[in-house]
**Q** 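Sharing a structure here in structure tokens format.
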Protein chains: 2
Amino acid sequence: MADMETLREEEAGGEPVSLYQRILGDIRDRILSGEWPPGYRIPFEHELTTQYGCSRMTVNKALSQLANAGLIERRRRSGSFVRRPQLQSAILEIHDIKAEVDALGLPYRYELATRLQRKATRADLVRLDVPLPSTVLELSCRHFAGDRPFCLEDRLISLAAVPEVADESFAEMAPGPWLVSRVPWNAAEHAIRAVGADAATAAALGIAAGTACLVIERRTWSADQPVTHVRLTYAGDSHALVARFTPSQG
Amino acid sequence: MADMETLREEEAGGEPVSLYQRILGDIRDRILSGEWPPGYRIPFEHELTTQYGCSRMTVNKALSQLANAGLIERRRRSGSFVRRPQLQSAILEIHDIKAEVDALGLPYRYELATRLQRKATRADLVRLDVPLPSTVLELSCRHFAGDRPFCLEDRLISLAAVPEVADESFAEMAPGPWLVSRVPWNAAEHAIRAVGADAATAAALGIAAGTACLVIERRTWSADQPVTHVRLTYAGDSHALVARFTPSQG
DNA sequence: TGCGTTGATATGTATATACATAAAAGCAAC
DNA sequence: GTTGCTTTTATGTATATACATATCAACGCA
């Protein structure tokens, strides 16, 4: 249930932590330090209650949260065991493009290139998993950092999922923030790859053809209905994705 | 504490879920569907107890987990409120390279190119944050899918953090799995970028110079001590990182 | 009007208790 | 020895209760 960010609390700060948090932190630290390696059987709830002088509910709360976090595995009758780190999983934070440009200290500008409402074609199915007789909005736009193109955005939006886009010109507002503020999404999928810029991309980004570009594709669903597919293309050297780490996760 | 993966349970399966899980799921669904938008004040614990006919501890457990998951925010005296999705964050799963190749259905092969134990230079500091008079192991190796190079690995390992590497040749075993199984890490940082292959990289990967490559750099710490820095270079079109999504996270 | 005190309220944590359940261990009959 | 039962055990869930604490609102006093 938990990722480690939320499992972490301030120990050094000396602020009062509750008892179950102390128990949780103690065990977590022993696991992360390697003192209790994968497979290690951590003390029974019963033992921890005597060790900490508290009730079973309290240690149960701590252990349950560790189990939710994927750090330990609980087995009835057998006890609780340190889990092997399953997969190295990193948390990628997808920032707003404007925020990225702001972070560079450069003025941000957005520009709509094309806006086309049309019937979905067979080719769109790969990008957006809509039933075939359906209407989509295709957008192409650019994000600028200063006066240099920073990112190219090609987007497909399902009109079935978001009918209101028909009334939105997107001349001033980028579709990303517009959608985020309007459509509650509950699933998404990202693919990240490196591709050489083709002629059109190179021209739009103001770079030489063949330059390495970082391409991020994202598909988003809301209530099992496909909402949008977006392809963001960054000139290779201008951008890096940074991912924070999450220690161990089911 | 929770990420949504673990918050999710099988509703359709019809398997018996506990009461607090039902409460948790009900509220989560209303938030993710948008029925309860950001800022919405969800019913007080007291109201939920009467609504579900259960004790406060039970609804408290559900609400606490939602708060840990970052879906709601709890304020004393005021109630609990739906949080605005903070950042689009995706969970990137960093697979073992052998597993990636296996997934392609191709035979995997590993090959060590160079192995050099030496004093750390100023240039290494950027990669591995070690104190200057210290020793590092520099490795360069290739991972093959079939008979084509799949991935180039350049690695720096701190001997202070992992003295045992001095005795390991890495002729047979890749350093990645070796380290994972041996060193408990508790922090890492990833940077993902697209770069054009330079002459050496192109030769090593068997591609044309300038071809777009996906470069993943990872720095790993164990107990606040830098352990390793690795740069993985994939020929652009041969590889894409896929990231699963996590709905909303503090 | 302005300010401090007081009380009400919702959440935060902890306890003792109870019963359910899964799983392993022990035991007995075949 | 294997099968099938019972017992033990540790966890899973839920309850009623208690007190702490942060905070908002209302009140009363200067």
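We name chains A, B, ... by the order of the sequence lines, and we start the count at 1 in each one. None of the values given here were measured: they were computed from a predicted structure.
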**Q** Looking at A/Arg127 and A/Glu217, does any basic side-chain N land under 4.0 Å from a carboxylate oxygen?
**A**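 Answer for the salt bridge query: no.
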**Q** In this structure, how many angstroms lie between the C1' atom of C/dG12 and the CG atom of B/Asn68, rounded?
**A**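 Taking atom C1' of C/dG12 as the reference, CG of B/Asn68 is at 12 Å.
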**Q** How close or far is atom C1' of D/dT17 from atom CE of B/Met57, stated in whole angstroms?
**A**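 After rounding, the reported distance stands at 10 Å.
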**Q** Taking only side-chain nitrogens and oxygens of A/Ser78, does any of them come within less than 4.0 Å of OP1 or OP2 of D/dT9?
**A**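 Result: no.
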**Q** Stepwise, does the side chain to side chain contact (heavy atoms under 4.5 Å, CB included) test hold for A/Arg28 with A/Leu66?
**A** CA-CA 8 Å; A/Arg28 181 205 54 204; A/Leu66 284 166; 4.1 Å; yes
**Q** Do A/Arg76 and C/dT21 share a donor-acceptor pair, side chain to base, under 3.5 Å?
**A**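 Indeed, a donor on one side and an acceptor on the other fall under 3.5 Å apart.
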**Q** Nearest whole Å is fine: how far is D/dT15 P from B/Arg56 CZ?
**A**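 It works out to 13 Å between those atoms.
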**Q** Just to confirm, is there a sub-4.0 Å distance from OP1 or OP2 of D/dT13 to any side-chain nitrogen or oxygen of B/Thr58?
**A**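 Answer is no, no contact under 4.0 Å.
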**Q** Reckon B/Arg74 has a side-chain N or O less than 4.0 Å from the OP1 or OP2 of C/dG12?
**A**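 Answer yes for this pair, as a side-chain N or O of B/Arg74 is under 4.0 Å from OP1 or OP2.
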**Q** Which of parallel (below 30°), tilted (30 to 60°) and perpendicular (above 60°) describes B/Tyr234 and B/His239?
**A**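 Ring orientation of B/Tyr234 relative to B/His239: parallel.
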**Q** Between A/Arg219 and A/Glu189, is there a salt bridge with N-O shorter than 4.0 Å?
**A**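 Salt bridge: yes.
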**Q** When you measure from the side chain of B/Thr228 to the backbone N and O of B/Leu156, does any donor-acceptor pair fall under 3.5 Å?
**A**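 Pair found, side chain donor or acceptor close to backbone of B/Leu156.
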**Q** To the nearest 0.5 Å, tell me how far A/Glu45 CD sits from A/Ile42 CD1.
**A**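 Result: 9.0 Å between the selected atoms.
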**Q** For A/Leu19, report the nucleic acid contact type (base, sugar-phosphate, nothing); a contact means any heavy atom under 4.0 Å.
**A**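 Sugar-phosphate, backbone atoms only, no base.
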**Q** Mark yes or no: A/Arg41 above the aromatic ring of A/Phe44, with NZ or CZ under 6.0 Å from the six-membered ring centre and no more than 45 degrees from the axis.
**A**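 The answer is yes, since A/Arg41 meets both limits relative to A/Phe44.
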**Q** Where along residues 40-53 of chain A does a heavy atom come under 4.0 Å from DNA chain D, residue by residue in number order?
**A**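 Close to the strand are A/Phe44, A/Glu45.
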**Q** Which sits closer to the 5' end of DNA chain C, A/Tyr20 or B/Ser80, going by the nucleotide each is nearest to?
**A**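 With A/Tyr20 and B/Ser80 compared, the 5'-side residue is B/Ser80.
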**Q** Please report the distance, rounded to the nearest Å, between CD in A/Gln65 and C1' in D/dT11.
**A**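 In whole Å, D/dT11 C1' and A/Gln65 CD are 16 Å from each other.
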**Q** Between the base of C/dA8 and the side chain of B/Arg77, is one N or O donor paired with an acceptor at under 3.5 angstrom?
**A**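 Indeed, a donor on one side and an acceptor on the other fall under 3.5 Å apart.
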**Q** From the set C/dA14, D/dA16, D/dT13, return the single nucleotide nearest to any side-chain atom of A/Ser18.
**A**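 Of the candidates, C/dA14 comes closest.
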**Q** Using whole Å, what does the distance between atom C1' of nucleotide D/dT13 and atom CD1 of B/Ile23 come to?
**A**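 Checked: the CD1 to C1' distance equals 12 Å.
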**Q** Whole-Å distance between D/dT13 P and A/Lys61 NZ?
**A**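 In whole Å, D/dT13 P lies 14 Å from A/Lys61 NZ.
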**Q** Check the distance between D/dA10's P and A/Glu73's CD and give it to me in whole angstrom.
**A**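 Those two atoms, CD and P, are 17 Å apart.
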**Q** The side chain of B/Asn60 lies closest to which of these nucleotides: C/dA14, C/dT17, C/dG12?
**A**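 Closest of the options to the side chain of B/Asn60: C/dG12.
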**Q** Quickly work out the B/Leu66 CG to C/dT11 C1' distance and round it to whole Å.
**A**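 Rounding to the nearest Å, CG of B/Leu66 and C1' of C/dT11 are 15 Å apart.
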